[in-house]
Amino acid sequence: MGSSFSSLNNDTNGSAIGPSLGDIPESCVACVILHLTPPEICNLARLNRAFRGAASSDSVWEKKLPLNYRDLLHLLPPERYQSLSKKDIFALLSRPVSFDDGNKEVWIDRMTGLVCMAISARGMAITGIEDRRYWNWIATEESRFHVVAYLQQIWWFEVDGVVRFNLPPGKYCLSFRIHLGRFSKRLGRRVCHFEHTHGWELKPVRFSLSTSDGQEASCEYYLADKEGEQTSGEHKGGGGGLWRDYKVGEFVVGCSEPSTEVRWSMKQIDCTHSKGGICVDSVFIIPMDVKQRKKRKAAVK
């Protein structure tokens with residue numbers, strides 16, 4: 001089979017013995033690779049000149065970019081993209097593009113070309129965040145924003161956020177990234193501290209989202225079980241202190257214009273008890289297709 005493929009792609013002793021891949025018109029190759037994922041297109045570009053030319057074509061990569069990719073480009077200085085091909089624009093936008101003073105990021109998924117977004121804790125309204133008796137900012141490489149909000153203790157716990165953006169049509173999932181306990185490094189090892197972690201087993205935390213076109217979703221989670229352990233099954237005494245995504249809900253964008261405003265909140269405002277010992281990292285808005293693909297990939301591992 002290997003020799004057969006070789007004969008299709010190459011000459012033998014300088015003379016052709018039959019049709020080869022190089023004989024396929026570039027326009028036909030472009031029609032075929034339109035149905036492939038961006039990584040597959042890049043792999044095929046190594047075959048020969050026809051595939052390499054088609055795999056670099058603006059007409060191919062225009063189809064792989066989201067409909068609103070120009071909105072993403074406008075978040076960047078013009079000199080960074082004005083002379084780029086559509087392939088290079090795809091590569092540029094597949095890396096995080098910051099906006100709102102670096103508190104929000106948007107990027108396109110490399111497999112699907114769908115738009116994803118993340119919002120830092122610094123880009124949200126957190127009750128009591130300015131009072132160091134309650135909250136502290138912790139610098140860390142475990143966050144894509146390099147900082148998380150750490151709660152020591154508070155009675156009224158509330159985190160709210162909002163974003164308005166021209167999201168492409170599709171179905172999206174919004175989730176919070178949270179960590180019970182405070183983490184640090186000691187002698188090169190990651191260590192978690194739970195001295196402030198309490199109260200999350202007494203009452204659930206309520207999560208909610210709403211959109212400018214009237215969609216709503218809400219749910220409740222106990223962040224710890226009755227023994228004060230994480231509900232994810234990771235315990236304080238053995239291997240606990242992992243990041244966990246809490247899904248708030250889903251919403252549908254029917255049209256990019258007008259832009260969609262999304263609001264969300266996470267709160268536990270029962271003042272009969274205090275709660276503390278939690279890190280709030282960020283909120284993610286991810287297309288459901290991307291979310292499900294990553295979930296399937298994690299299940300295989």
Side-chain angles (χ1 to χ4, degrees), residues 37-39 41-42 61-62 64-126 137-149 159 161-179 183 209 243-248 250-251 253 256 259-264 279-295 297-298:
T37 66
I41 293 173
C42 292
W61 288 97
E62 181 89 36
K64 298 303 175 182
L65 287 163
L67 295 176
N68 71 327
Y69 75 91
R70 290 181 179 84
D71 294 326
L72 277 64
L73 288 176
H74 290 161
L75 298 172
L76 295 167
E79 59 271 17
R80 288 193 60 187
Y81 61 82
Q82 282 180 338
S83 61
L84 296 181
S85 67
K86 293 298 189 295
K87 179 182 178 181
D88 290 335
I89 287 175
F90 187 97
L92 175 66
L93 295 181
S94 66
R95 298 187 289 271
V97 177
S98 298
F99 63 105
D100 189 20
D101 296 325
N103 293 323
K104 298 180 176 70
E105 289 183 349
V106 64
W107 67 95
I108 58 176
D109 178 65
R110 294 184 180 183
M111 287 292 292
T112 63
L114 298 175
V115 175
C116 307
M117 186 179 294
I119 298 91
S120 167
R122 284 196 183 275
M124 294 184 264
I126 302 177
W137 294 105
I138 300 177
T140 174
E141 293 301 313
E142 294 191 12
S143 168
R144 67 187 302 119
F145 297 98
H146 306 295
V147 66
V148 298
V159 180
V162 61
V163 68
R164 179 177 284 275
F165 200 79
N166 293 76
L167 291 168
K171 190 174 185 179
Y172 295 83
C173 172
L174 186 146
S175 60
F176 270 88
R177 186 171 187 252
I178 300 169
H179 183 295
F183 51 89
L209 74 83
W243 289 102
R244 186 179 181 191
D245 290 334
Y246 286 86
K247 179 180 176 181
V248 179
E250 302 169 6
F251 63 94
V253 176
S256 293
S259 57
T260 302
E261 181 179 275
V262 185
R263 293 182 174 272
W264 60 86
C279 290
V280 179
D281 175 28
S282 53
V283 158
F284 284 85
I285 298 176
I286 305 292
M288 285 302 298
D289 288 349
V290 176
K291 192 85 171 177
Q292 291 167 355
R293 175 174 59 81
K294 290 184 177 180
K295 188 175 181 180
K297 186 176 180 179

| said: Can you tell me how far apart CD1 (I89) and CD (Q82) are? Round to the nearest 0.5 Å. | reply: 10.5 Å

| request: Evaluate the side-chain proximity of F145 to N103: yes if any heavy-atom separation is below 4.5 Å, no if none is. | output: no

| I178 and R244, any side-chain heavy atoms less than 4.5 Å apart | no

| Would you say V262 and Y172 make side-chain contact, with heavy atoms under 4.5 Å? | no

| note | Between D281 and V147, the two heavy atoms sitting closest are OD1-O, 4.0 Å

| request: Over 60° means perpendicular and under 30° means parallel, so classify the ring planes of H179 and W243, tilted if in between. | output: perpendicular

| note | Between F90 and D109 the two heavy atoms that sit nearest each other are CZ-O, 4.0 Å

| A121 and A149: which non-hydrogen atoms are nearest, and at how many Å? | CB-CB, 4.1 Å

| query | Roughly how far, to the nearest 0.5 Å, is NZ of K64 from CE of M111? | reply | 10.0 Å

| What residues, two or more places apart in sequence or in another chain, satisfy salt bridge (Lys or Arg N to Asp or Glu O under 4.0 Å) together with D88? | none

| query | Checking D245 side chain against S175 main chain: does a donor-acceptor pair fall under 3.5 Å? | reply | no

| query | Between OG of S120 and CG of D100, what distance do you get to the nearest 0.5 Å? | reply | 9.5 Å

| message | Before you tell me yes or no, could you show the steps for I119 and S282 under side chain to side chain contact (heavy atoms under 4.5 Å, CB included), namely the whole-Å CA-CA distance, both residues' side-chain angles and the distance that decides it to 0.1 Å? | response | CA-CA 5 Å; I119 298 91; S282 53; 5.9 Å; no

| query | How far apart are the closest heavy atoms of G161 and M124, and which atoms are they? | reply | CA-CG, 4.1 Å

| request: Taking all heavy atoms of F165 and all of M117, pick out the closest pair and write down the distance. | output: CG-CE, 3.6 Å

| request: Using a cut-off of 6.0 Å, state whether more than 12 heavy atoms not belonging to L67 lie near its atom CG. | output: no

| task | Go through the steps for L72 and L93 under the test side chain to side chain contact (heavy atoms under 4.5 Å, CB included), then give the verdict. | result | CA-CA 7 Å; L72 277 64; L93 295 181; 4.0 Å; yes

| Do R110 and R95 touch side chain to side chain, with heavy atoms closer than 4.5 Å? | yes

| What's the spacing between H146 NE2 and T140 OG1 if we round to 0.5 Å? | 9.5 Å

| field | Side-chain heavy-atom pair D71, V106 within 4.5 angstrom cut-off | value | no

| remark: In this structure, CG of L84 is separated from CH2 of W61 (nearest 0.5 Å) by 13.5 Å

| note | Closest non-hydrogen atoms of L114 and D289, given as atom of the first, atom of the second and distance, are CD1-CB, 3.9 Å

| query | Hey, does H74 have a side-chain heavy atom less than 4.5 Å from the side chain of Y81? | reply | yes

| Residue pair L167 / F251, side-chain heavy-atom distance below 4.5 Å | yes

| field | Distance (rounded to the nearest 0.5 Å) between K171 NZ and Q292 CD | value | 7.5 Å

| field | Other residues, nucleotides, ligands: >12 heavy atoms within 6.0 Å of R164 CZ | value | yes

| query | Quick one: does K291's side chain get under 4.5 Å of F284's, heavy atoms only? | reply | no

